[in-house]
Number of protein chains: 2
Amino acid sequence: MSDLVEATGLNSASMYKEFGNKEGLFENALLDYQKTRLEPYIQILLDRPGMQGIEAFLNAAVSRAESGDYQGCLMLNTLAEEHSVSKAAIRRVENFCVKLKEALAGAIAGAQKEGTVPAGKDAAVLADFIICLMHGMVLYGRVDSHKPRIAAVVAAVKGALIA
Amino acid sequence: MSDLVEATGLNSASMYKEFGNKEGLFENALLDYQKTRLEPYIQILLDRPGMQGIEAFLNAAVSRAESGDYQGCLMLNTLAEEHSVSKAAIRRVENFCVKLKEALAGAIAGAQKEGTVPAGKDAAVLADFIICLMHGMVLYGRVDSHKPRIAAVVAAVKGALIA
DNA sequence: CTAAAATTAAAACGATCGTTTTATTATTTA
DNA sequence: TAAATAATAAAACGATCGTTTTAATTTTAG
């Protein structure tokens, strides 16, 4: 909170009046982050539910992670530090993951209708696989710069989809 | 520290005498965890550097994660909560990941000599891919029970290896 | 312009945390 | 057994943290 007071120039009393407490403020920030930063990526999948949308989604996520000012994903960092955030914040992460998984599974199902993904595959399993890899990139990416790894991982995702 | 005093029945002064401070104690615990809990899995890869060893490694990791008393991996949870542990602890995680990656890449190279993995693949990239997925399972597994997912992810790993 | 409401700065609060100290008790060593 | 060493319980420390209060200042409304 003292960091926020310093960084925002706001008064602590003002923030407590607006958000109730530290947890409320964080939950509010996390929701805003989801709506403004993350849901546009989901929208790509909803707008183009097929292989084209999936590729656009992956490319957008990758170029985001590769951009110079990328500081990490607030949503997944919240999950990583699960035990020091509120239950409501974790529920928000879960809610987001479900949303993403549904959008991805829908796009994969669309790709199956197009014929770009084999019909025999389970779209939900593939979606989980992709999300699992994205989580892995967040966590394993902390070990050292994951930038050289991203391309290989994306290639693996596409390979898993079409193989 | 107060939790440890309660849980161990030891005196705080004794712990400070033995380990210096909280960080030192944690680093010691993490090293012990690596040596006793994690390195046996690496040893599987070193003992049998081929597809057989890789499968044994994956099966061991999976059955560990699926066992009822599994509480999560201290090594990867340390990475997840990066900002609240010491730099030395993070260095330990990095050191471990490098060790694991080398063992995995060596086993994959062995599998390539056997012919069970296509010779054209980059063993280091495949190793990174597997480790990335394991990290993902740790993090994404927090969203809800990942047990139903594990089998699918392992299948994806094997598919990526032999495809 | 004046009164009410909101915002601010700054201090203070109680709680917790990592750590140290003190005095006592148990263990080892010679 | 006596002396030295180690371990213990318990209190106390300074620092930090989330939060509230107080009093002054600014903004808004009538």
Side-chain angles (χ1 to χ4, degrees), chain A residues 1-38 70-97 138-139 142-143, chain B residues 1-38 70-97 138-139 142-143:
Chain A
M1 293 301 289
S2 55
D3 287 347
L4 285 179
V5 166
E6 189 181 353
T8 64
L10 290 170
N11 192 278
S12 70
S14 308
M15 294 197 292
Y16 276 93
K17 192 181 175 205
E18 186 68 22
F19 299 108
N21 54 27
K22 194 179 69 155
E23 291 184 349
L25 190 152
F26 182 75
E27 287 153 22
N28 210 282
L30 186 60
L31 177 57
D32 182 82
Y33 183 85
Q34 173 178 338
K35 290 214 173 307
T36 63
R37 301 291 158 95
L38 299 182
Y70 181 64
Q71 303 253 34
C73 172
L74 183 61
M75 188 65 67
L76 294 193
N77 285 345
T78 298
L79 183 60
E81 300 182 27
E82 190 182 13
H83 95 278
S84 51
V85 302
S86 67
K87 308 251 183 201
I90 293 302
R91 263 181 270 121
R92 161 107 1 252
V93 178
E94 289 177 344
N95 168 284
F96 171 77
C97 284
V138 165
L139 196 54
R142 294 184 179 187
V143 169
Chain B
M1 294 302 288
S2 56
D3 286 348
L4 285 180
V5 167
E6 191 181 353
T8 62
L10 289 170
N11 193 277
S12 72
S14 307
M15 294 197 292
Y16 276 93
K17 191 180 175 207
E18 186 67 23
F19 298 110
N21 55 24
K22 194 179 69 156
E23 291 184 348
L25 189 153
F26 182 75
E27 287 154 21
N28 209 284
L30 187 60
L31 177 56
D32 182 82
Y33 184 86
Q34 173 178 338
K35 291 211 171 308
T36 63
R37 301 292 157 95
L38 300 182
Y70 182 64
Q71 304 253 33
C73 172
L74 184 61
M75 188 65 67
L76 295 192
N77 284 345
T78 298
L79 183 60
E81 301 180 26
E82 190 181 15
H83 95 279
S84 50
V85 301
S86 67
K87 308 252 184 200
I90 294 301
R91 261 182 271 123
R92 160 99 11 246
V93 178
E94 289 176 344
N95 168 284
F96 171 76
C97 284
V138 165
L139 196 55
R142 294 185 179 186
V143 169

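A note on names: the letters A, B, ... follow the listed sequences, proteins ahead of strands, and every chain is numbered from 1.
When the nucleotides D/dT8, C/dT19, C/dT7 are ranked by their closest atom to the side chain of B/Asn21, C/dT19 comes out on top. Comparing C/dT21, D/dG18, C/dT7 against the side chain of A/Lys22 picks out D/dG18 as the nearest. Looking at the side chain of B/Tyr16, the nearest of the listed nucleotides D/dA10, D/dT21, C/dT19 is C/dT19.
A donor-acceptor contact under 3.5 angstrom links the side-chain atoms of B/Ser12 to the base of C/dT20.
In terms of phosphate contacts, A/Ser2 brings no side-chain nitrogen or oxygen within less than 4.0 Å of OP1 or OP2 of D/dT16. Side-chain N/O atoms of B/Ser14 include none lying less than 4.0 angstrom from OP1 or OP2 on D/dA7.
With rounding to whole Å, A/Met1 atom CE is found 20 Å from C/dC13 atom P. A/Lys17 places its NZ atom 8 Å from the C1' atom of C/dT7, with the value rounded to the nearest Å. Separating the CG atom of A/Leu4 from the P atom of D/dC17 is a distance of 12 Å, rounded to the nearest angstrom. Put simply, CG on A/Asn11 is 16 Å from P on D/dG18, counting in whole angstrom units. Taking atom CZ of residue B/Phe19 and atom C1' of nucleotide C/dG18, one finds them 16 Å apart after rounding to whole Å. Atom pair B/Asp3:CG and C/dG18:C1' shows a separation of 13 Å (rounding to whole Å applied). Going from atom CG of A/Leu10 over to atom P of C/dT8 covers 6 Å, rounded to whole Å. If you measure from atom CD of A/Glu18 to atom P of C/dT7, you get 8 Å, rounded to the nearest angstrom.
Atoms CZ and CG, on A/Arg92 and A/Asn28 in that order, are 10.0 Å from each other to the nearest 0.5 Å. Considering CD of A/Glu82 and CG of B/Leu139, their distance stands at 9.0 Å, rounded to 0.5 Å. Atom CE of residue A/Met75 and atom CG of residue A/Leu31 lie 8.0 Å apart, to the nearest 0.5 angstrom. Taken to the nearest 0.5 Å, the OG1 atom of A/Thr78 stands 9.0 Å off from the OH atom of A/Tyr33.
Counting heavy atoms from C-beta outward, A/Phe26 and A/Leu74 have side chains that approach closer than 4.5 Å.
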